[in-house]
Amino acid sequence: MTFRTRFSPAPTGFLHVGSARSALFCWLAARHDDGEVLLRVEDTNAELYRPEYLDNLRWTLDWLGLEFDGETLFQSRRADRYREVIQHLVDSGRAYGCDCTTEVVKERTKGSGYDGHCRDRGLVPGPGVAARFRVPDDGATEFDDIVRGHVRFEHSAIDDFVVQRADGSAVFFVPNAVDDLDTEITHVVRGDDLLNTTPKVLLIRRALPGGDEFPEPTYAHLPMIVNEARKKLSKRRDDVAVEDYRDRGYLPEAMSNYLAVLGWGPPDGIEIRPREEIVQLFRLEDVVSSSAFFDKQKLDHFNAQYLRQLSPAAVIDAAQTWLPPELGPELNALAPHIQERARTLQEFGEMAAFLVGDEVKIDESSWAKGVEKLSAAAGILDSATKAYSEAAWVPETLHTVTQTIAEEHGLGLSKAQSPIRVAVTGRTVGPPLFESLVALGRDRTLSRIAAARTRLG
RNA sequence: GCCCCCAUCGUCCAGUGGCCUAGGACAUCACCCUUUCAAGGUGGGAACACGGGUUCGAAUCCCGUUGGGGGUGCCA
């Protein structure tokens with residue numbers, strides 16, 4: 001029996017980072033074991049059946065570099081199979097009709113779940129009547145989980161649950177059980193939030209005709225990814241969509257690498273490494289059981305590392321959407337310097353922005369700190385104008401010349417370069433000044449210094 | 001309420017009864033380097049939730065407490 005798992009997201013319009021991590025771990029486990037990962041779209045609910053949702057899912061997974069084996073399975077296309085299974089459940093007495101609405105049940109039991117009200121009313125599931133699974137009164141459902149160990153749920157604590165809605169559609173427990181059986185899934189790797197649904201799925205599977213013809217899958221419930229409040233990432237207050245990260249200039253390799261070390265760690269402690277190595281090292285047995293905080297600072301660090309590993313040409317290429325369209329070849333020589341300072345492609349674009357246009361937008365606090373505060377600023381700007389008009393336009397010469405200006409004003413180069421930097425780049429921080437000046441060109445450097453001088457009065 | 005899960009530095013991982021005066025990484029602080037900012041280098045601070053057992057010996061095993069999370073939908 002070969003290793004076969006599946007990633008089965010409900011299409012919601014965006015890929016949640018928690019789901020992405022599940023997808024990654026499924027993929028890693030499969031590749032490590034030389035097995036297969038299937039993609040299964042859990043769109044049993046009519047609201048989830050939208051083409052654009054699917055497109056989003058597809059490209060996001062693709063962006064992360066996760067390719068799946070075989071055909072994608074759509075639960076929305078297997079309604080007949082589920083209906084047939086549910087019919088069997090009803091015929092064999094494992095499920096029964098129920099017409100209690102959610103509100104009625106809530107009212108009757110004071111919110112403590114379903115009370116088995118329709119168990120013996122003999123209702124036939126159909127339009128307006130849902131089907132509920134009859135959970136045994138005694139006993140328990142148990143299973144082994146690779147990361148949780150042995151888990152046991154007493155049947156007395158599980159309410160009879162709906163398997164078919166009043167509109168005839170199947171509730172996800174059924175497709176889940178049926179599809180895992182039909183596609184001969186050997187390992188189920190998913191989020192911890194689904195741990196409680198496992199006994200229900202197993203109950204159904206064990207009641208299915210042929211339910212024992214293939215060994216039950218081994219489960220691996222992954223720890224949740226949480227926010228600073230230790231709650232699971234919510235769409236409202238957290239950045240949960242992986243597309244958000246792509247849009248902010250994170251590299252898929254960095255994102256994927258970071259996700260891999262959330263809930264798992266390589267034995268040698270080396271976290272940033274090629275995915276092939278992670279595939280080799282990854283074992284579901286080593287996944288930790290406690291929830292993990294999604295640390296953006298650490299993600300930034302990973303991304304910065306990956307950014308620096310790229311060739312300057314590759315970074316420029318990757319950063320296209322964050323770069324001003326008017327930007328030309330002047331960026332080339334400066335790219336290596338910016339690349340070393342940017343943590344994201346977005347930051348890369350921001351740091352290159354000063355190269356565009358004749359004028360530069362001055363950051364006010366930089367102006368106050370780097371220019372106004374320095375009494376020698378005007379003198380330095382004047383000296384620079386003079387010296388830069390004649391100097392050879394290469395970093396070394398500009399460095400020497402500026403050093404001289406600094407000395408003339410009795411300052412260190414560190415202090416003296418600041419008004420020039422603000423005048424030319426608009427900010428007190430940025431890539432090395434002299435390389436920046438060379439990239440910008442003599443004319444624009446001079447005109448920007450002149451503009452700053454004018455403003456200074 | 002009931003059920004399930006979790007518990008080592010601020011954070012993510014090491015640690016699977018003695019190698020732990022608990023290791024690495026991110027973050028943080030200091031110093032070095034330095035044209036700003038980064039990067040890099042060096043060093044510092046920082047954790048086994050608590051209480052009982054078991055054992056010659058416990059971060060590691062067991063029980064309890066506390067704390068946190070998840071579930072308890074005709075969402076998945």
Taking [M] as the reference, what is the distance to [N] when you measure between their [atom1] atoms (whole Å, please)?
N: B:C48; M: B:A22; atom1: P; value: 11 Å
N: B:U16; M: B:A59; atom1: P; value: 13 Å
N: B:U28; M: B:A46; atom1: C1'; value: 9 Å

Check your understanding: In terms of side-chain heavy atoms of A:A292, which of B:A76, B:C13, B:U35 is nearest?
Key -> B:C13

Check your understanding: For the side chain of A:V288, counting heavy atoms from C-beta on, which of B:U11, B:A76, B:C13 is nearest?
Key -> B:C13

Check your understanding: Using purine N1 to pyrimidine N3 plus N6-O4 or O6-N4 for Watson-Crick, or N1-O2 and O6-N3 for G-U wobble, each under 3.5 Å, what pairs with B:G51?
Key -> B:C63

Exercise for review: Would you mind pulling out the nucleotide paired to B:A25, Watson-Crick or G-U wobble, both distances under 3.5 Å?
Suggested key: B:U11

Review point. Salt bridge check: are A:D182 and A:R78 linked by an N-O gap of less than 4.0 Å?
Key: yes

Point to revise | Sidechain N-carboxylate O distance under 4.0 Å for A:D238, A:K232 | key: no

Review point. Do A:N196 and B:G70 share a donor-acceptor pair, side chain to base, under 3.5 Å?
Key: yes

Going by atom types only, do [X] and [Y] share a side-chain donor-acceptor pair under 3.5 Å?
X: A:R421; Y: A:S366; value: no
X: A:N257; Y: A:Y306; value: yes
X: A:H221; Y: A:D145; value: yes

Scan [X] against the nucleic acid and name what it touches under 4.0 Å (heavy atoms): base, sugar-phosphate only, or nothing.
X: A:R148; result: sugar-phosphate
X: A:F302; result: nothing
X: A:E435; result: base

Measuring to OP1 and OP2 of [N], would you say a side-chain N or O of [X] lies under 4.0 angstrom away?
X: A:R230; N: B:G10; result: no
X: A:R308; N: B:A39; result: no
X: A:K231; N: B:G69; result: yes
X: A:R165; N: B:G73; result: no
X: A:K232; N: B:G71; result: yes
X: A:T101; N: B:C74; result: no
X: A:T102; N: B:C74; result: yes

